[in-house]
Amino acid sequence: DFQLNICIQCGTCTGGCPVARKSKLNIRRLVSQFLLKKDLDNLKEKLELWECTTRETGSIRCPMGVKPMDLISGMRSLLVEEGDIPETIADALESMNRRGNPWGKPKNAKTEWMKGLPQGITVKDFSKGDRAPLLYFLGCTPSFDSRVQKIPKAIVLILQQAGIDF
């Protein structure tokens with residue numbers, strides 16, 4: 001408890017968290033309310049728990065060695081065990097289970113982002129047996145979200161112009 005009391009006086013994790021700047025996420029408040037006061041009754045109402053992107057910024061910057069991401073993951077686990085998760089999170093988890101991505105898109109549509117690449121620019125597909133010393137892994141969001149697809153396209157052009165085999 002002593003270390004947690006010191007923790008809530010510091011604020012480095014909350015001050016350095018990019019998500020906390022735009023949401024109600026406040027690690028110090030969560031530590032105080034749920035660990036020190038053991039007030040778990042209102043945990044399911046804390047939707048900001050689901051806004052944490054688990055980047056570990058708070059853990060890296062914490063002078064006490066506290067791991068805020070572990071705290072948030074633990075709280076999320078409690079909520080999942082009780083079935084108390086926001087509908088949007090439940091939908092994304094179900095989609096991950098069924099389709100392999102949180103967007104609910106068909107798996108075979110994952111490479112459609114490449115359609116706008118300039119003629120002659122190709123991307124190797126490791127799932128089809130292509131090989132290279134470097135793997136450029138997009139993940140789900142750039143593959144399916146048209147708002148950010150210009151980023152992987154630009155990276156592909158840079159890698160090709162640099163002569164990197166990927």
Side-chain angles (χ1 to χ4, degrees), residues 1-107 109-114 116 134-156 158-159 166:
D1 282 352
F2 176 72
Q3 193 174 23
L4 291 177
N5 277 320
I6 293 172
C7 169
I8 63 171
Q9 293 173 13
C10 172
T12 300
C13 57
T14 300
C17 175
V19 173
R21 293 181 193 148
K22 302 275 185 188
S23 77
K24 292 181 181 180
L25 182 64
N26 185 314
I27 304 298
R28 291 189 316 167
R29 190 176 305 127
L30 293 172
V31 167
S32 175
Q33 185 175 2
F34 298 112
L35 292 181
L36 292 175
K37 297 176 185 170
K38 310 242 188 287
D39 179 15
L40 295 175
D41 294 335
N42 299 320
L43 185 60
K44 65 182 172 188
E45 296 170 14
K46 296 291 182 186
L47 296 178
E48 60 267 26
L49 282 174
W50 302 101
E51 294 172 355
C52 175
T53 60
T54 61
R55 293 174 31 144
E56 292 202 47
T57 304
S59 299
I60 292 167
R61 294 183 178 179
C62 179
M64 297 300 297
V66 176
K67 304 220 177 285
M69 189 189 79
D70 293 347
L71 167 71
I72 288 179
S73 295
M75 290 179 175
R76 286 177 178 174
S77 293
L78 287 173
L79 292 171
V80 168
E81 287 175 18
E82 298 295 320
D84 289 325
I85 59 176
E87 188 176 334
T88 54
I89 301 294
D91 291 346
L93 291 172
E94 182 63 28
S95 179
M96 287 292 295
N97 187 39
R98 287 185 181 186
R99 297 189 173 216
N101 68 79
W103 301 100
K105 304 283 185 174
K107 288 179 185 180
K110 200 165 193 167
T111 58
E112 288 184 10
W113 68 272
M114 294 188 286
L134 177 70
L135 171 66
Y136 174 44
F137 178 76
L138 250 52
C140 295
T141 300
S143 295
F144 296 117
D145 188 344
S146 61
R147 297 173 296 177
V148 296
Q149 288 178 350
K150 61 185 171 190
I151 296 168
K153 289 176 185 177
I155 291 172
V156 164
I158 291 168
L159 290 171
F166 68 101

Review item, side-chain donor-acceptor pairs of residues 13-26, under 3.5 Å, at least two apart:
residue : atom : partner : partner atom : Å
T14     : OG1  : I27     : N            : 3.1
S23     : OG   : V19     : O            : 3.1
S23     : OG   : L25     : N            : 3.1
S23     : OG   : E51     : OE1          : 2.8
N26     : OD1  : R28     : N            : 3.1
N26     : OD1  : R29     : N            : 2.9

Check: Looking only at heavy atoms, what is the nearest atom pair of M75 and L49, with distance?
Finding: SD-CD2, 3.6 Å
Checklist line | Gap separating the CD1 atom of I85 from the CG atom of D91, nearest 0.5 angstrom | finding: 9.0 Å
Notebook entry, point to check: How long is the span from the OG1 atom in T12 to the CE atom in M64, to the nearest 0.5 Å?
Noted result: 11.0 Å
Checklist line | E112 side chain near K105 side chain, heavy-atom distance below 4.5 Å | finding: no
Check: If you round to the nearest 0.5 Å, how far is CG of L138 from CE of M114?
Finding: 9.0 Å
Notebook entry, point to check: Which pair of heavy atoms, one from W50 and one from D84, lies closest together, and at what distance?
Noted result: CZ2-O, 4.4 Å
Margin query: Taking N101's backbone N and O only, do any of them form a donor-acceptor pair with S95's side chain (distance below 3.5 Å, no angle check)?
Written below: yes
Check: Nearest heavy-atom pair of R76 and T54: which atoms, and what distance?
Finding: NH1-CG2, 3.6 Å
Check: Of all residues at least two apart in sequence or in a different chain, which pass the salt bridge (charged side-chain N to carboxylate O under 4.0 Å, His left out) check with R98?
Finding: E94
Check: Got a second to check how far Y136's OH is from I155's CD1, nearest 0.5 Å?
Finding: 3.5 Å
Next item on the list: With rounding to the nearest 0.5 Å, note down the distance linking CG in D145 to CH2 in W113.
Entry: 14.0 Å
Next item on the list: Answer whether the closest heavy-atom distance between the side chains of K67 and L71 falls below 4.5 Å.
Entry: no
Next item on the list: Could you tell me the separation between the SG atom of C140 and the CE atom of M96, rounded to the nearest 0.5 Å?
Entry: 5.0 Å
Item checked: Distance-minimising heavy-atom pair for R147 and K150 -> O-CE, 4.4 Å
